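Predicted model only: the values in this text are computed from it and were never measured.
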Amino acid sequence: NPIVKKSGIKPHLSKIYPVVPYKDAEITDEYTELLLSFKGSYTIRFRAYNDGVAYQFADEGNANREVMAEKMSFTLPEASQSLFPKEESMYSHNERLYLPLSLKNIGEKEFCSLPVLFITPHARVLFTETALHDYPGMFLRGTSSTTLDAIFPKYVLETVPAKRGPDRNQQITKEADYMASVSGNRAFPWRVFIISDDDRTFVESNLAYQLAKPNIIENTHWIKPGKVAWDWYNANNIYGVDFKSGLNTATYKYFIDFASANKIEYVILDEGWTKSTTEILNYSADIDVPELIRYGNEKGVDLILWVLWKPLDANLTKILETYKKWGAKGIKVDYMQRNDQYMVNSYEQIAKV
């Protein structure tokens with residue numbers, strides 16, 4: 001029984017200048033906003049842009065709360081189709097094939113990760129979320145009709161190493177009956193609908209970026225985007241050299257030489273440089289990481305180190321301090337495979353450390 005206490009509509013026009021240019025170095029942020037304030041200390045914002053619409057709940061109370069569910073259903077016109085990134089489990093890389101499916105053929109047990117594209121008789125609609133902080137990621141479930149429902153992973157209480165499968169896999173053994181544990185006076189993620197009859201709009205749109213939280217990093221001079229030479233992409237296959245190529249110091253020096261000669265700013269040391277995939281504080285006997293970093297500095301090329309999320313999460317501060325001491329300029333974190341609240345928070349925690 002929601003009761004609206006007050007409402008207001010206002011236009012907005014400003015400029016956003018991303019620290020690292022996203023699609024544009026300057027973004028015009030123009031919209032009209034409807035703000036509804038409800039009895040019970042919560043609000044809903046609706047924003048209308050030229051290329052889409054979005055809404056966001058905010059809790060203006062101060063209590064700690066457990067979020068049992070977030071209900072969202074939307075219905076598209078008859079005969080609507082989708083490019084549906086169908087998932088088999090919420091424990092997933094979220095790297096799915098986009099299946100061309102009629103919405104009416106998507107059953108109650110079938111669901112997808114985001115983003116997802118819908119093709120209606122009138123326009124196309126790309127649905128996604130942004131400003132996702134301290135909250136689980138959303139999935140969409142079919143209903144054997146043109147209506148879709150939001151679903152979420154539960155709050156994870158306990159995990160153990162998977163009994164079968166790679167060393168990086170986990171088995172979630174205990175979940176709460178709620179999906180998030182939150183404190184009051186906070187905004188929840190934006191639910192975003194980018195709408196157009198021109199496919200170029202979806203490539204050009206900055207809407208998810210515009211609705212994201214503004215950058216809070218004051219000192220940004222150290223952020224240096226660039227290209228990367230990546231050994232994994234071609235499986236370390238180097239020919240016509242006077243050394244045995246593979247996961248070794250000589251091969252990576254070759255990559256550094258290539259990057260330097262072609263003005264490529266970074267080289268990634270992908271899986272194989274650590275002593276083992278779980279012992280990531282030490283490097284392989286065949287790869288001298290400090291020497292490669294020194295050699296890269298000499299050639300004007302910085303190094304990025306691949307790591308598994310699971311051992312990194314278990315010893316985050318010590319591992320990152322060690323890599324910094326070596327002189328590494330960044331990390332590539334792999335195999336998160338979850339979208340629950342703990343994992344979403346882990347992304348920010350890694351960045352903060």
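By the 4.0 Å N-to-carboxylate-O rule, D340 lies too far from K154 to be salt-bridged with it. Here E204 does not pair with K23 in a salt bridge; the nearest charged N to carboxylate O distance is not below 4.0 Å. Ionic pairing of D29 and K15 is not present here: no N-O contact between side-chain nitrogen and carboxylate oxygen is shorter than 4.0 angstrom. For the pair E298 and R294, the salt-bridge criterion is met [side-chain N within less than 4.0 Å of a carboxylate O]. A salt bridge between K332 and D270 is present, with a side-chain N of the basic residue lying under 4.0 Å from a carboxylate O of the acidic one. In summary, D134 and R186 engage in a salt bridge, as defined by a charged side-chain N under 4.0 Å from a carboxylate O. Salt bridge absent: R141 and E108 never bring a charged side-chain N and a carboxylate O closer than 4.0 Å. A salt bridge links R191 with E70: at least one charged nitrogen is closer than 4.0 Å to a carboxylate oxygen.
Side-chain atoms of K310 come within 3.5 Å of backbone atoms of N169 as a donor-acceptor pair (strictly under, hydrogens ignored).
In this structure, a donor-acceptor pair under 3.5 Å is present between the side chains of T251 and N248. There is no side-chain donor-acceptor pair under 3.5 Å between E66 and S181. When only modelled atom types and interatomic distance are considered, D24 and N206 share a side-chain donor-acceptor pair under 3.5 Å. Checking W306 against D334 by side-chain atom types alone, a donor-acceptor pair falls below 3.5 Å. For the residue pair D288 and T249, no side-chain donor N or O sits within less than 3.5 Å of a side-chain acceptor on the partner. Under 3.5 Å, the side chains of Y155 and Q341 contain no donor-acceptor pair of N or O atoms.
Y283 and L292 fall within a single hydrophobic cluster, where Ile, Leu, Val, Met, Phe, Trp and Tyr are joined by side-chain heavy atoms under 4.5 Å apart, directly or via other members. Linking Ile, Leu, Val, Met, Phe, Trp and Tyr whenever their side-chain heavy atoms come within less than 4.5 Å leaves F74 and L83 in two separate clusters. Under a hydrophobic clustering in which Ile, Leu, Val, Met, Phe, Trp and Tyr are joined whenever their side-chain heavy atoms come within less than 4.5 Å, directly or via other members, Y55 and V4 fall into the same cluster. Put simply, L117 and L114 are part of two different groups of oily side chains (I, L, V, M, F, W, Y) that touch within less than 4.5 Å, one to the next.
V344 is not listed as a side-chain neighbour of H133, based on a closest heavy-atom distance of 4.5 Å or more. The shortest side-chain heavy-atom distance between D149 and L140 does not fall under the 4.5 Å cut-off. Taking 4.5 Å as the limit, some side-chain heavy atom of S92 sits within range of a side-chain heavy atom of N94. Side-chain atoms of F38 and E60, non-hydrogen and from C-beta on, never get closer than 4.5 Å to each other. Between I331 and I350 the shortest side-chain heavy-atom distance falls below 4.5 Å. Using a 4.5 Å cut-off on side-chain heavy atoms (C-beta onward), E271 and T277 make contact. Inter-residue side-chain proximity for M90 and F111 is flagged as met; some heavy-atom pair is nearer than 4.5 Å. Here the side chains of Y252 and I287 are in contact, with some heavy-atom distance below 4.5 Å.
With a 6.0 Å cutoff to the six-membered ring centre and a 45° limit on the axis angle, R168 counts as a cation-pi contact of Y335.
Ring to ring, Y342 and Y347 are not that close: their centroids are 6.0 angstrom or more apart. Taking the ring centroids of F188 and Y135, they lie under the 6.0 Å cut-off. Separation of the W273 and Y323 ring centroids falls under the 6.0 Å cut-off.
Contact between T274 and E279 at its shortest, heavy atoms only, is CB-O, 3.8 Å.
Looking at residues two or more places apart in sequence or on another chain, you find a ring pair (Phe, Tyr, Trp, His ring centres under 6.0 Å) between H12 and Y31. A search for ring pair (Phe, Tyr, Trp, His ring centres under 6.0 Å) contacts involving H122 returns nothing, not counting sequence neighbours.
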Q: Apply side-chain contact (heavy atoms from CB on, under 4.5 Å) to I16 and Q210, showing your working.
A: CA-CA 8 Å; I16 298 173; Q210 290 165 244; 4.2 Å; yes

